[in-house]
Amino acid sequence: MLPMPSARSQMLLLVALCLASLPSSLQQPNPCATKVCTNSYCIPDRNIAICRCLNRSYVPSGPDGCILVQQVAASNQLVQDKNDQMQGAVVAMERARACATSTVPCPPLPEIPADMHGKCVNTLRDCANGNQTVLNKMAEKGNSCGEGSKWCPLEAICSKGLPCAPPNPQCNDTSVRCPDWSCAADAASCPTSGNGSVTCPDGITTASSFKACAELGIFWQGCPPGLKPCLANPNICGKNAQDCETLTGCPESMKSCGPQRNAQGVALYNSSTDRPIMNCMSQCMYQPPQPVSSTAPLRPGQAGEKVEVKGSNGAPAFAMRAPNANTFRRLDNTSDAVNFTVAPVAASALQEGPFAQLYSTGRIVSSVITIEPSAALVIEDGLVLDIPIDGTAEACDQILLNVQMVVVSDLLNFNATPESVGNCSKGSVGNCSCASTIYHFSTYAVANSAYTSSTVTSSPSSSPNTNTDSTGSSGTTTTTTTTTTTTGVLPSSGCCIMTISKAVLLISVMMSWGVMSFYK
């Protein structure tokens with residue numbers, strides 16, 4: 001007979017067996033398991049993989065590692081170049097607003113005749129005014145930037161790791177997008193074109209598909225040719241009214257106003273369409289505004305300073321704050337203020353880019369926002385981003401338990417997928433906002449991290465039923481019966497669950513060694 005272990009040994013054995021009994025799929029994941037850190041090592045911090053420099057010969061250069069101190073100047077220049085491009089895009093988009101809807105201004109380039117500078121045209125191709133020599137020069141300019149870069153016609157610079165400002169006009173609600181990216185009253189009024197390839201939004205470059213245009217860094221606003229903005233949600237593009245109703249979750253006579261949620265704040269999804277069941281209303285009451293492109297300074301070592309950005313309607317749309325004096329420092333260790341440029345992404349970044357999967361399935365519940373600093377920084381204690389989301393103030397606490405902030409480090413890497421920044425705490429922007437700490441600057445959004453599949457029981461008429469959802473929004477919605485199937489958008493930590501067979505095995509071992517009597 002085996003000797004009786006001591007009480008301490010029994011307790012240690014009990015803990016070990018409990019841990020071993022966890023299914024591998026439910027054990028806490030190691031965030032460093034797949035993280036690659038350059039000149040640094042990985043440590044898990046609140047279930048987020050953080051790269052720490054190997055020694056003092058290195059300084060942080062971003063979320064994926066460190067660089068040698070001697071490379072600081074070059075790193076600063078790269079950051080400055082990206083910020084210059086983003087600033088140029090903001091200026092270019094502001095200049096474009098001088099033109100009426102459906103037209104775009106000719107940029108002041110030497111290749112374009114001076115009398116065409118600033119003139120509003122249907123596409124940038126029209127800036128050549130029919131002169132083939134000018135068109136050829138414009139095309140040559142597009143190939144002058146070298147590998148990995150693209151000429152941005154509106155900014156008149158080569159891209160520096162960011163997409164160009166969309167060079168196409170925004171069509172109005174009654175127009176259609178033509179194959180050459182101009183706008184017309186109907187498809188029959190579009191210019192004829194076609195040689196097996198598509199024309200990119202700059203009106204000059206051709207590619208195999210619109211996605212290929214976006215991969216080149218030629219982004220667009222609005223919908224690509226062949227699609228139109230849906231009336232229920234103009235940010236979503238569809239082929240026709242039926243297609244739009246499927247994508248937006250609402251008939252075209254209503255507005256799609258954020259997902260329905262149960263009492264626990266979990267978004268309800270239609271299992272047959274894999275899209276959220278939306279609140280359909282005559283007018284959205286709590287939809288977060290999209291921030292207007294803005295630049296504002298923060299000073300290193302200053303606690304409590306913040307950047308605040310409003311939407312076009314004047315409502316708060318974004319905030320970023322330094323919670324303490326150790327939030328960040330400049331890589332060059334100067335005390336000069338750092339300018340942060342904040343801008344919403346172009347529509348193509350959602351339709352074809354790294355956010356496309358989350359966007360196409362309706363899981364993004366906020367604006368998607370890019371942030372670029374004017375100098376290379378070392379983020380020490382982290383800056384707090386605060387992004388408003390769909391939802392009422394009354395339901396906000398529950399909603400925040402079921403969403404996460406996500407990030408994409410490179411909008412031009414179409415193989416990338418959004419990564420979790422972490423859980424949301426309650427922010428202070430608008431009715432309901434997600435606040436989370438970040439350690440590098442890129443493109444951020446808030447997405448549903450959990451959702452509940454539901455069985456849809458449609459009414460006999462084509463109009464959905466009217467009720468009030470758990471967020472307090474009254475409107476037309478679809479009758480649903482919630483099932484017990486719950487899943488998530490992003491990887492999340494598991495909880496401690498023991499199967500019956502493993503529990504029986506554990507109890508048998510405990511009884512054989514007399515552990516049960518230990519607790520009597």
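Side-chain atoms are counted along with the backbone in the values below, which use heavy atoms only and exclude waters and symmetry mates.
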Cystine candidate [X]-[Y], SG separation under 2.5 Å:
X    : Y    : result
C106 : C127 : yes
C171 : C223 : no
C213 : C200 : yes
C152 : C158 : no
C237 : C230 : no
C66  : C51  : no

Between [X] and [Y], does any side-chain N to carboxylate O distance fall below 4.0 Å?
X    : Y    : result
E372 : K82  : yes
E394 : R261 : no
K137 : E140 : no
R321 : E305 : no

Residue Q357 excluded, over 12 heavy atoms near CD under 6.0 Å: no
Got more than 12 heavy atoms from elsewhere within 6.0 Å of CD, Q302? yes
Start with the C-alpha distance between T417 and F355, add both sets of side-chain angles, then the distance that settles side chain to side chain contact (heavy atoms under 4.5 Å, CB included), and finish with yes or no. CA-CA 7 Å; T417 55; F355 284 101; over 6 Å; no
Between [X] and [Y], what is the shortest heavy-atom contact and its length?
X    : Y    : answer
I218 : P201 : CG2-CD, 3.6 Å
P291 : V309 : CB-CG1, 3.7 Å
P354 : L411 : CD-O, 3.5 Å
A337 : R330 : O-NH1, 3.5 Å
P288 : I389 : CG-C, 3.7 Å
V368 : A445 : CG2-CB, 3.8 Å

Looking at [X] and [Y], would you say the former's side chain and the latter's main chain have a donor-acceptor pair under 3.5 Å?
X    : Y    : result
D410 : A416 : no
S159 : S149 : no
S293 : A343 : no
S294 : V292 : yes
S175 : A185 : no
Q404 : G422 : no
R95  : L154 : yes
S433 : I387 : no

For D126, which residues count as a side-chain contact (heavy atoms from CB on, under 4.5 Å) partner, sequence neighbours excluded? V121, N122, T123
Hey, what do you get for [atom1] ([X]) to [atom2] ([Y]), rounding to the nearest 0.5 Å?
X    : Y    : atom1 : atom2 : result
I371 : Y444 : CD1   : OH    : 6.5 Å
R329 : D332 : CZ    : CG    : 10.0 Å
M278 : E245 : CE    : CD    : 13.0 Å
I236 : C244 : CD1   : SG    : 8.5 Å
Q290 : N235 : CD    : CG    : 6.5 Å
N279 : Q260 : CG    : CD    : 5.0 Å

For Q287 and D390, run side chain to side chain donor-acceptor pair (under 3.5 Å): C-alpha distance rounded to whole Å, both residues' side-chain angles, the deciding distance at 0.1 Å, then the answer. CA-CA 5 Å; Q287 210 160 36; D390 285 317; 4.5 Å; no
Before you tell me yes or no, could you show the steps for D243 and T246 under side chain to side chain donor-acceptor pair (under 3.5 Å), namely the whole-Å CA-CA distance, both residues' side-chain angles and the distance that decides it to 0.1 Å? CA-CA 5 Å; D243 191 31; T246 300; 5.4 Å; no
Whether W220 and W181 hold their rings parallel, tilted or perpendicular, with breakpoints at 30° and 60°: tilted
Check the pair L350 / V345 against side chain to side chain contact (heavy atoms under 4.5 Å, CB included), numbers first and verdict last. CA-CA 8 Å; L350 303 177; V345 301; 4.0 Å; yes
Pair Q87-T341, side-chain donor/acceptor within less than 3.5 Å: yes
Would you say the side chains of Q132 and N136 form a donor-acceptor pair under 3.5 Å? yes
Could you walk me through whether C183 and C178 pass the disulfide bond (SG atoms under 2.5 Å apart) test, one step at a time? CA-CA 6 Å; C183 304; C178 298; over 6 Å; no
CA sep, side-chain torsions, deciding dist, call: E155, K150, salt bridge (Lys or Arg N to Asp or Glu O under 4.0 Å): CA-CA 11 Å; E155 300 98 308; K150 181 68 180 175; over 6 Å; no
In sequence, state the C-alpha distance, the side-chain angles, and the governing distance for C396 and K426, and then conclude on side chain to side chain contact (heavy atoms under 4.5 Å, CB included). CA-CA 8 Å; C396 187; K426 193 170 185 178; 4.0 Å; yes
Check the pair T327 / L383 against side chain to side chain contact (heavy atoms under 4.5 Å, CB included), numbers first and verdict last. CA-CA 6 Å; T327 295; L383 284 142; 3.4 Å; yes
Heavy atoms, side chains only, cut-off 4.5 Å: are V365 and V403 in contact? yes
Determine, stepwise, if the pair D64 / T38 fulfils side chain to side chain donor-acceptor pair (under 3.5 Å). CA-CA 6 Å; D64 298 321; T38 303; over 6 Å; no
Determine, stepwise, if the pair T370 / T443 fulfils side chain to side chain donor-acceptor pair (under 3.5 Å). CA-CA 4 Å; T370 296; T443 303; 2.8 Å; yes
